[in-house]
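These numbers come from the heavy atoms of this one structure, side chains and all, not from hydrogens, waters or symmetry mates. Quick note on labels: first sequence line is chain A, next is B, and so on, each numbered from 1. The structure presented is a predicted model; accordingly, all values stated were derived computationally and were not measured.
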Protein chains: 2
Amino acid sequence: METFATRGYHNASLAEIAERSGLTQAGVLHHFRSKAGLLTGVLDLRDQSDLAQLGEERPRGLAFLAHLVDTARRNAEREGIVRLYAVLSAESVTSGHPAQEYFRARYAGLRAMVVEAIGEAADAGEVPAGLDPRAAASAVMAVMDGLQVQWLLAPEAVDMAATTDLVIGALLGRPVPGGG
Amino acid sequence: METFATRGYHNASLAEIAERSGLTQAGVLHHFRSKAGLLTGVLDLRDQSDLAQLGEERPRGLAFLAHLVDTARRNAEREGIVRLYAVLSAESVTSGHPAQEYFRARYAGLRAMVVEAIGEAADAGEVPAGLDPRAAASAVMAVMDGLQVQWLLAPEAVDMAATTDLVIGALLGRPVPGGG
DNA sequence: GTCTATATTTGGATAGAC
DNA sequence: GTCTATCCAAATATAGAC
């Protein structure tokens with residue numbers, strides 16, 4: 001994980017991964033049939049410990065959106081994870097990238113969850129009437145992703161949690177804090 | 001540009017770039033002292049034809065934010081450019097990446113421009129009183145960047161211009177279209 | 001300014017011993 | 001399950017002819 005996060009997929013070498021694992025390069029390839037297989041293994045492992053694992057027991061409605069802000073807050077303490085996903089998700093759009101299908105599915109699944117949560121909030125009358133749930137869902141996800149890149153390049157210039165909260169609040173028509 | 005956009009920096013090869021340029025690999029390196037030099041050359045060239053070139057003659061206040069929406073709209077017709085920046089900006093956060101300083105400066109400059117535009121709009125009374133200009137600026141940039149990755153992976157699932165407009169409008173307190 | 005030729009390094013992957 | 005040894009391909013970069 002750390003090597004893919006720090007180097008990206010293509011610039012990561014099995015030699016470095018092996019060294020950090022206390023193995024030889026051949027030893028690593030005994031457990032994964034290829035470098036691409038290792039990457040998907042890393043991504044599958046990661047999946048077991050975060051958002052995608054929420055599944056059917058996720059918070060509902062506004063609580064889910066609040067959970068996204070919490071995730072952004074926790075992410076500020078987990079630079080490695082943030083870097084891994086920020087680098088690999090963008091790299092995955094290059095031709096023939098082994099994680100392309102993974103991220104396509106991840107975004108589709110995540111978008112569906114956010115759309116559903118917004119729909120739940122709308123049913124409870126907590127969302128402006130004309131809001132397009134799909135556009136809003138894409139927007140929330142995009143803000144979180146985009147903030148990560150900015151934050152990785154200049155951590156002191158960006159507050160991921162506060163900014164995510166600002167956008168979600170604005171989309172929901174929440175009055176600006178301290179403002180009119 | 002096309003090769004770096006399609007492959008990313010590390011996975012792009014001078015051989016491919018040379019072939020697409022009608023040169024040999026040595027011929028390419030006659031004009032650029034290294035692969036890294038070629039990348040910065042591409043980025044500098046690109047800069048002459050878009051946002052960063054706006055400089056002091058940019059639109060002011062809300063007109064600048066409207067210009068960002070226009071940029072998102074035009075980007076939907078320029079997949080190559082979108083891919084180039086989406087891939088390289090994220091890749092640039094990896095250690096030792098040759099475009100890291102370029103993107104750090106680009107984001108800082110862009111953020112300053114958006115902050116200024118929001119300040120102008122605020123002076124004109126067109127912005128909610130409590131809005132944090134720096135957070136809002138980061139948010140707008142982040143939305144645009146994040147949407148690009150989603151759009152590259154699933155173009156039919158994302159409307160970059162409409163979603164950018166949605167977020168800007170929400171931050172400015174504009175009523176939702178068709179809504180209450 | 002472009003080429004051929006080549007140096008040099010590094011990459012992923014495989015075979016087979018232990 | 002881990003190793004050594006090796007293969008083969010590809011990479012960037014340089015030297016020097018034309």
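- Rounded to whole angstrom, the span from the CZ atom of A:F32 across to the C1' atom of D:dT2 amounts to 15 Å.
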Checklist entry - Between A:R174 and A:D165, does a salt bridge (charged side-chain N to carboxylate O under 4.0 Å, His left out) hold up when you go through it step by step? => result CA-CA 10 Å; A:R174 180 207 306 161; A:D165 187 55; 3.2 Å; yes
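- Listed by chain and number, the residues in a ring-ring contact (aromatic ring centres under 6.0 Å, His included) with B:H97 are B:Y9, B:H10 (sequence neighbours excluded).
- Of the possible polar contacts, one joining the B:S89 side chain to the B:A86 backbone as a donor-acceptor pair under 3.5 Å is found.
- At distances below 3.5 Å, at least one donor-acceptor pair connects side-chain atoms of A:Q100 with backbone N or O atoms of A:T94.
- Rounded to whole Å, the distance from CG on B:L39 to P on D:dT12 is 12 Å.
- Salt-bridge annotation for A:R104 and A:E101: present, with a side-chain N of the basic residue lying under 4.0 Å from a carboxylate O of the acidic one.
- Side-chain N/O atoms of A:R111 and A:S138 include a donor and acceptor closer than 3.5 Å.
- In this structure, B:T24 reaches the C:dC3 phosphate: one of its side-chain N or O atoms is under 4.0 Å from OP1 or OP2.
- Following rounding to the nearest Å, B:E19 (CD) and C:dT2 (C1') show an atom-to-atom distance of 17 Å.
- Checked by atom type and distance alone, the side chain of A:R83 never pairs as donor or acceptor with a backbone atom of A:T6 at under 3.5 Å.
- Whole-Å rounding puts the A:H30 NE2 to D:dT2 P distance at 7 Å.
- Distance B:L23 CG to C:dT4 C1': 14 Å, rounded to the nearest Å.
- Taking every heavy atom of residues 94-102 of chain B and every atom of DNA chain C, no pair lies under 4.0 Å.
- Computed from coordinates, the B:I17 CD1 to D:dA11 P distance equals 11 Å when rounded to whole Å.
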Checklist entry - Which letters describe nucleotides 11-18 of chain C, given B = protein heavy atom under 4.0 Å from base, S = only from sugar-phosphate, - = neither? => result SBBB----
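- For the residue pair A:Y107 / A:D145, a side-chain donor-acceptor distance below 3.5 Å is found, with atom types taken as modelled.
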